[in-house]
Amino acid sequence: MILIGDNDYLLFQIYATLFLFHSFLNGKNGNLNVGGNCLLLSERLPIAASLYPEEPALMRHGQTMSYGELYGLVERLSQALYVEGLRAGDRFALLGDPDPQLVVAFYAAVGIGAIPLVPSPMLTVPELAAIFQDAKPHMVIHDDQHAKAAIAAVKLLGYCPKLFTTDEEGTNSSSLAALLQQEPAFSPKDHFKRSVDDTAVLIYTGGTTGRPKGVMHSHRGMAAWNQLTPSAGFGHDFRRRVLVLNLSHLVGQFQLWATMAAGGCLVFLDEYPADVHRIMEAVERDQITQLSTVGQLLRDLTREASVGGRNLKSLTLIGCGGSIISPDTLQEVVSQFPEVIIVNNYSQAECGMSISRLFPAQHMDDPHLLRSVGRPADLAGQGEQAFEVRILNTDGSETVTGEAGEIVVRGAQTMLGYWRQLEATAETMPDGWIRTGDVGCLDVEGYLYVFDRLKDMVIVGGSNVFCAEVEHVIVTHEAVIEAAIIGHPLPEEGEELVAFIVLRDGESLDLTQVRAFCEPHLASYKWPTQLFIVDTLPRTAVDKIDKKRLRKQLSSISSEELG
C-alpha cells in the first residue's frame, strides 16, 4: 500500500496533471477537455490504472483485483462486446447483485461509449420489462440468481436484446467468460467519438407511480459531482475502502467513480441483499472506511453497534440520505460513532450526488439546525459547484424567507432530462430549474429544511400536515421500530391521517396510546385517527417506504373494517 504525505501528494497531483496533458497532446485519451477540466467517463479508468496499477480496486470473498488487472479485463471485454455489436450510444443493462464482474462489464460498456443502466435486482419481472422497454438495451448482462427474471422480462419485449451471464453459459445466455477468451484485435476507442455533453449513464428512478423514468446524466454533469471535480484529483485516498450495497442507486453510481478517482477499493458483501448484520461483519473483516446508509439502516446500525460485539473502528465516514433523518437519530449516531464523520446528504437522482449536506456533529447543541440538510452554498467551500436553490409557491413566485414551498434547484450537476420522455422533462425542469417535488424552506442564514414530499402533504381541516413530521414523533416511542403516515379521504371532504406501525417484539400499542404520545409534540389535528399494526412496511426498489402500496391496501379495506 502506498502512503503519501502532504508534500508528496502535491508532487503526485502535479504528475497526474502532466500525465493528463501529455495524453491530450498525444491523442491517447480521446476528447479530454483540458480547458473545461472535464473527462469522459471512459477516460477515467485508464488514468487511474496508469497512476496506481498495483492498488486494490475491487474486493469480494477475500479476493482482490488491482487497478491494472481491472483495466486489463475491461479492455478485453470492451473489444469483445464491440465485436458482438455494441456501439457508442447503445444502452447496456446490468441486472444482478453487486459484484466485481458487473463492475468490469459496466466499465467495458463505458469504454465503448455505450450507456449503462442498472435496474434494481429487487424489481419484479413486469417492472424490469417496463424499464427495458423504455431504455431498449442492445445487451442485457445478468448473474445466475437473476437469470430467470432477466429472460422472462426480455420475453415481454417487442425485440430481443442479446443476453450474457456472469456465470456458466446457459440455454438463453452466452457467458462473459467466453467473451474474455477471444483474442483482442483492436481498440474500440478508435471507432467512436463521444462528446462530454452526451449521455453517460441512465439511472432509473425508484418512484412508485407512473412509467419508469431514466435519468440521463452527461459526462460533463458527472464531472461536477463531489469528489469527481478537478479539485479532488486522482489518487488522493488510497486508504479508502467503500462497502457497495447497491449499484442501481445514485449512490452506487457515485461510489463507482469517486472511489476509483480516489484510488480506493470497492468492497462487496459475500451475500446480498444487504442487512445490518452482514454489513457489520464486512466492516470488521474488510476494514471498511466509508459506508452509505438510508434512514432505517442507519437506525439499525446505531442500535446494533450500541450492543457491541463488532469492531467498527475502521469507519471514518458514514453517509445517510434517501429520506428525512430525524434530529434524534442524528444525535444518536454521532454519540455512538464519535470518531466518525457523519454526513446527512440531500440529493435526488435528477440532481447528481449532493444538493446540500449537513455535518450533524457541528450542531449537536442546536436541535433546530439538526432538522436542516445544511447550507447549499457551503458546497463551494468544499471544492464543488454549489447549487442555486429557490423556494416557490404554487403560482411560481418565490416564498418569503422561512416560508414553506417547493424546493427548486439549478446546477452543473443536474440531469440532461428523462430518456425519451420530453413531456416529463419539460414538467420537471421547464426553465432549467429542477422541480424536486420536495416541500421545504430556507432560513435567514441559508440553511435548507426539507419537510416532506409534495404528494405526502395531507390537508386536515384546512391545515397542511407533513407526514414526515408525524412519523418522526411516533418512531421515538420505545415500542416502535418504524412508522408510516398516509392521508385517507374522508366521506364528505378533506382527509384524515392513518398510521401504519411496526412494533418491537412483545410490544403492543393502540390508537389511544399513540394519540396520547403525540399530544406533547404535535397539534391535535396532526394526530392519527386510524392505526394499523403491521409486521413490515412495503418498500420500493430503492428501500423507501412504498406509500402507494399502503394506499392500495387501505383502499381495499372495507368501511366496516375501518370503523
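FYI, the numbering just counts along the sequence from 1.
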Flag for Thr166-Asp143: side-chain donor and acceptor within less than 3.5 Å: no
Inter-residue atom distance Leu95.CG - Gln145.CD, 0.5 Å rounding: 10.0 Å
Test: Arg241 and Asp286 ion pair at under 4.0 Å: no
Modelled atom types, side-chain donor and acceptor of Gln382 and Arg357, under 3.5 Å: yes
Where Ala349 and Thr205 come nearest, the two heavy atoms and their spacing: CB-CG2, 4.4 Å
Flag side-chain contact, heavy atom, 4.5 Å: Met415 against Met429: yes
Any donor-acceptor N/O pair, Thr329 side chain to Ile325 backbone, under 3.5 Å: no
Donor on one side chain, acceptor on other, Ser173 and His142, under 3.5 Å: yes
Pairwise distance CD1(Ile318) to CZ(Phe337) - rounded to 0.5 angstrom: 4.5 Å
Separation between CD of Gln348 and OG1 of Thr428, rounded to the nearest 0.5 Å: 9.5 Å
Test item: Glu304 and His277 side chains (from C-beta on) under 4.5 Å apart, heavy atoms: yes
side-chain contact (heavy atoms from CB on, under 4.5 Å) between Trp419 and Asp134, worked out: CA-CA 8 Å; Trp419 178 260; Asp134 186 72; 3.7 Å; yes
Atom of Pro273, atom of Arg278 and distance for their closest heavy-atom approach: O-NH1, 2.5 Å
Check against side-chain contact (heavy atoms from CB on, under 4.5 Å), Val154 and Leu163: CA-CA 9 Å; Val154 165; Leu163 286 166; 3.9 Å; yes
Residues Asp197, Arg220: salt bridge by 4.0 Å N-O rule: yes
Main-chain N/O of Ile288 paired to Ser314 side chain as donor or acceptor, under 3.5 Å: yes
Any side-chain heavy-atom pair of Phe359 and Val343 under 4.5 Å: yes
Flag, side chain of Asp167 to backbone of Asp144, donor-acceptor distance under 3.5 Å: yes
Backbone of Asn311 reached by a side-chain donor or acceptor of Glu284 within 3.5 Å: yes
Test item: Glu281 side-chain N/O and Val276 main-chain N/O as donor-acceptor pair under 3.5 Å: no
Intermediate values then yes/no, side-chain hydrogen bond (donor to acceptor under 3.5 Å, both in side chains), Asn345 and Ser354: CA-CA 6 Å; Asn345 192 63; Ser354 293; 2.6 Å; yes
CA sep, side-chain torsions, deciding dist, call: Leu179, Glu84, side-chain contact (heavy atoms from CB on, under 4.5 Å): CA-CA 9 Å; Leu179 288 183; Glu84 289 291 325; 3.7 Å; yes
Leu176 and Thr165, any side-chain heavy atoms less than 4.5 Å apart: no
Residues Glu55 and Arg239 bridged, charged N to O under 4.0 Å: no
Close side-chain approach of Pro116 to Leu202, heavy-atom, < 4.5 Å: no
Arg60 side chain vs Leu269 backbone, donor-acceptor pair below 3.5 Å: yes
Distance-minimising heavy-atom pair for Ala88 and Arg194: CB-CD, 3.7 Å
Under 3.5 Å donor-acceptor, Thr293 side chain and Leu297 backbone: no
Donor-acceptor contact present, side-chain His219 to main-chain Leu41, <3.5 Å: yes
Minimum-distance pair of heavy atoms, taken over all atoms of Arg76 and Leu180: NH2-O, 3.0 Å
Beyond-backbone contact of Phe92 with Val140, side-chain heavy atoms, under 4.5 angstrom: no
Non-hydrogen atoms of Ile355 and Phe387 that approach each other most closely: CA-CD1, 3.6 Å
Closest contact, heavy atoms only, Ile279 versus Ala274: CD1-CB, 4.2 Å
Separation of Tyr52 OH from Phe234 CZ (nearest 0.5 Å): 6.0 Å
Inter-residue atom distance Gln253.CD - His249.NE2, 0.5 Å rounding: 10.5 Å
No-hydrogen, no-angle side-chain donor-acceptor test under 3.5 Å, Thr124 and Glu127: yes
Under 3.5 Å: donor-acceptor pair, side chain of Thr259, backbone of Gly264: no
Ion pair Asp270/Arg285, N-O distance below 4.0 Å: yes
Salt bridge flag under 4.0 Å for residues Asp90 and Arg87: no
From CG (Leu117) to OG1 (Thr199), nearest 0.5 Å: 12.0 Å
Glu54 and Tyr67, any side-chain heavy atoms less than 4.5 Å apart: no
Side-chain (Ser66) to main-chain (Pro56) donor-acceptor, under 3.5 angstrom: no
Side chains of Asp99 and Tyr272, donor plus acceptor under 3.5 Å: no
Verdict with supporting geometry, Phe268 and His61, side-chain contact (heavy atoms from CB on, under 4.5 Å): CA-CA 8 Å; Phe268 300 83; His61 300 305; over 6 Å; no
Leu250 vs Met353 side-chain heavy atoms within contact, under 4.5 Å: yes
